[in-house]
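All chains are named by letter (A, B, ...) in the order of the sequence lines, taking the proteins before the strands, and each is independently numbered beginning at 1. Computed from a prediction, not measured in an experiment: that's the story for all the values here.
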Amino acid sequence: MATDFDADVIVIGSGVMGGIIAARVAKAGKKVIILESGPRVKRRDIVETYRNAPVKLSLANAKLQGVGSPYPSLPHSPSTYGDYLQQMGPVKFNTSYLRVVGGTTWHFGSALWRMIPNDFALKSKYGRGRDWPISYDELEPWYLQAEMDIGVTGTDGQDESGKGGAPYPPRSAPYPMPGLKPSHFMKKLMDRLTPGGFNPVLEASARATVPWKKRPICAGNNACNPVCPIAAKYDGSMSIDEAEGYGAQVLDNAVVHKIDVGDDRQISAIWYKRPDGSEHKLTAARYVMAAYAIESPKIMLLNKQKNAPNGIANSSDQVGRNLMDHTGISMNVMAKEDYWPGQGPTQLLTYVNNRDGDFRRDFPQYKIKVRNTTPVLSTTQKLLAKGLMGSELDAEIKRQSARSLNWAIDFETLPNPNNRVTPHPEKKDALGIPVPAIWYDVDDYWHAGKEQGLKDLYRIAELLDADVVSVDEGFQNRQHIMGTTIMGDDPADSVVDRDCRTHDHKNMFIAGTSVMPSSSCVNPTLTGAALSVRIAAEILKEI
Amino acid sequence: MNTSQISRRALLQGSAAVLALAALAPGVVANPALAATDDAFLKLSTFLTGKSLNPTLSARYLVALAKHNPDLDGEITALQGFIDQHGFADMDAFLAAPDLSDDLKASALKIVSAWYLGVVGEPEVAELIAYADALMYVPTNPYIPVPTYGPGPHTWGPDIIPGVTK
Ligand SMILES: Cc1cc2nc3c(=O)[nH]c(=O)nc-3n(C[C@H](O)[C@H](O)[C@H](O)COP(=O)(O)OP(=O)(O)OC[C@H]3O[C@@H](n4cnc5c(N)ncnc54)[C@H](O)[C@@H]3O)c2cc1C
């Protein structure tokens with residue numbers, strides 16, 4: 001094909017979602033062009049920059065990330081570190097996605113969960129939020145393919161609904177790779193908490209436990225964020241490499257800003273800008289928007305025109321709305337015995353006792369997690385600030401690093417049309433493209449969840465006989481952006497249909513977590529990836 | 001040549017090491033008035049941290065600390081004078097001295113902080129001198145890795161007791 005067009009498929013955004021689709025479509029012999037606003041980066045440079053940075057970033061000190069990110073932030077493709085995202089609402093949505101070839105998964109934690117069947121039917125089962133137009137059973141085979149594409153490591157046989165029962169949710173095949181071994185710290189915590197009724201779940205993740213494609217086995221570097229130094233952890237650049245291997249073309253530093261809609265309401269062309277401001281036009285049989293859940297809707301809303309008066313795919317007025325996260329809370333405790341968090345990768349130990357049940361009418365499902373991240377730096381900073389020196393300093397670094405545990409909770413949030421992304425009316429980036437403005441708040445349902453979650457956190461502290469050092473109820477952002485191009489059967493209240501195709505433009509798909517009608521409480525990338533695999537199959541049926 | 005024998009002044013006169021140093025800490029300018037020698041700073045640092053230290057790192061800490069602290073010479077002289085005068089056996093004895101002034105303690109803490117965190121200066125203008133060799137990792141090194149290059153595959157697990165991992 002591709003005789004009348006520049007390509008069979010144009011993919012906007014080179015993250016995991018765009019990468020999976022590009023690799024699959026290119027593998028089938030189709031001509032694929034991937035447009036990426038940011039530059040290519042090399043792992044060794046990121047590692048080097050990270051090691052040399054005076055301020056280190058980690059998931060545990062997200063506040064400082066503006067100073068410490070080792071990833072480039074360029075004027076034509078600014079990163080979310082610093083003041084790029086404009087906060088307009090009562091609750092800060094300080095997420096930190098990356099804009100480089102490979103996208104945000106370069107620094108993701110790589111927890112890869114499946115949702116459970118009732119997450120797809122929240123409205124009909126529990127009277128909350130929205131239902132999906134598809135069921136878990138329909139998505140199951142695609143989950144499996146996504147797990148193979150990404151290379152997922154998981155512990156078979158667990159009840160991932162947290163009830164301590166039979167294996168759940170149903171799987172048609174085992175995890176592609178065997179699970180990571182829990183560290184000593186996890187084992188000890190399980191020993192303490194299981195008698196109290198907390199059923200541990202070891203998360204599936206994207207860290208290789210056997211050699212996988214070009215990836216080595218995880219070496220326990222405990223630096224999964226900001227970068228796996230040895231590429232044992234998956235990131236989107238690996239799918240992009242694969243796509244290029246099958247002949248896909250990647251244009252980096254190509255910022256998509258304009259989308260044309262023809263009289264037949266199909267997308268007729270897309271335009272991108274180079275860092276020098278020059279504009280270029282490309283056409284394709286199918287277009288895939290995969291610029292993640294803030295940039296995708298922003299670009300779509302910017303393109304109001306005769307054949308799309310509300311912007312791209314926005315006849316429902318839902319583009320940019322229903323923004324969701326797993327807005328959370330946390331608790332630091334000091335235990336009375338040594339646990340040594342920080343051994344092995346930054347794999348979490350999780351508890352999801354409240355993942356499903358009638359309670360979801362009253363409060364959201366949630367995931368409790370304890371971080372396996374080395375606390376040496378933060379501990380030492382605190383001790384020095386107190387003036388400790390001499391033998392006491394070493395003794396306390398050792399004692400407190402072994403015993404300080406950071407617990408956190410991720411809550412399900414509901415789709416609320418008021419929570420939204422829009423292009424900022426005045427502020428623009430270097431290319432003159434408006435930056436994202438975000439309005440976000442949490443509702444009573446979230447607060448009801450928080451009350452339940454706090455009870456669990458205090459109970460955990462009690463079971464561990466640990467002293468609570470601090471509790472943060474301050475709406476912590478969990479980096480999981482969802483809902484802003486929501487899926488549904490009804491074009492009047494949704495942006496894409498069950499195949500992730502926009503209701504308004506038949507030749508355009510949206511890939512990623514932005515299509516999710518419910519957020520669940522688990523990390524959303526695998527669900528977005530399963531839908532992306534499905535998009536690739538859909539496109540290949542048509543071209 | 002043994003690195004410890006290179007004086008800081010010789011370094012600043014243009015060896016390759018200086019180029020590497022300048023690349024890591026842009027804007028570092030030699031302070032011609034700095035009287036403290038590498039040996040003196042290394043000796044003081046060894047006492048303050050209670051550890052055997054790397055002379056190359058020591059020279060770099062000295063340059064960086066001098067840049068951020070105009071009266072570093074005075075502080076080094078005062079600290080070493082106080083230590084010599086009392087003949088302290090170790091840092092714990094120093095900290096217990098009834099006549100330890102707040103100023104002296106603050107000077108000591110500044111040098112100890114640099115060595116422990118591997119960083120000199122306030123966050124906005126901070127310079128990194130060492131990462132994996134920052135002293136904060138010494139007490140925990142047998143148990144958990146410095147985050148980047150870890151101990152390797154299968155070096156952790158439920159039955160692997162921290163401290164006897166490797
Ligand atoms: C710190 C952190 C930890 C996380 N941990 C987890 C986890 O453990 N598990 C999990 O499931 N999820 C996690 N996530 C979320 C996960 O990273 C995202 O779900 C995932 O990256 C989304 O993939 P994507 O391809 O949709 O977007 P991205 O990976 O962000 O890729 C989108 C790409 O589009 C490009 N782009 C943007 N605008 C344009 C434009 N105008 N033109 C051209 N290109 C454009 C961007 O530069 C980017 O490269 C985490 C996120 C963060 C920040």
Steps toward side-chain contact (heavy atoms from CB on, under 4.5 Å) verdict (A:N222, B:I144):
CA-CA 9 Å; A:N222 207 256; B:I144 47 178; over 6 Å; no

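Between B:Y143 and A:W340, the angle of the ring planes stays under 30°, which puts this pair in the parallel group of the 30/60° scheme.
Put simply, the side chain of A:N221 gets close to the backbone of B:G150: a donor and an acceptor are under 3.5 Å apart. One N or O on the side chain of B:W156 and one on the backbone of A:K181 form a donor-acceptor pair closer than 3.5 Å.
Contacts of A:V376 with chain B are made by both backbone and side-chain atoms, with heavy-atom separations under 4.5 Å. For a residue to count as touching a neighbouring chain, one of its non-hydrogen atoms must lie under 4.5 Å from one of that chain's; by this rule B:K51 touches chain A with the side chain only. Proximity to chain A is absent for every atom of B:V138, based on heavy atoms less than 4.5 angstrom apart. For A:S183, the parts sitting under 4.5 Å from any heavy atom of chain B are the backbone and the side chain alike.
Atoms OG1 and CD, from B:T148 and A:E48 in turn, are 10.5 Å apart once rounded to the nearest 0.5 Å. In this structure, B:M136 CE and A:T379 OG1 are separated by 10.0 Å, a value rounded to the nearest 0.5 Å.
Minimum heavy-atom separation, A:G220 to B:P145: O-CG, 3.5 Å.
Below 4.5 Å, heavy atoms of chain A meet heavy atoms from B:M91, B:D92, B:L95, B:K105, all part of residues 91-107 of chain B.
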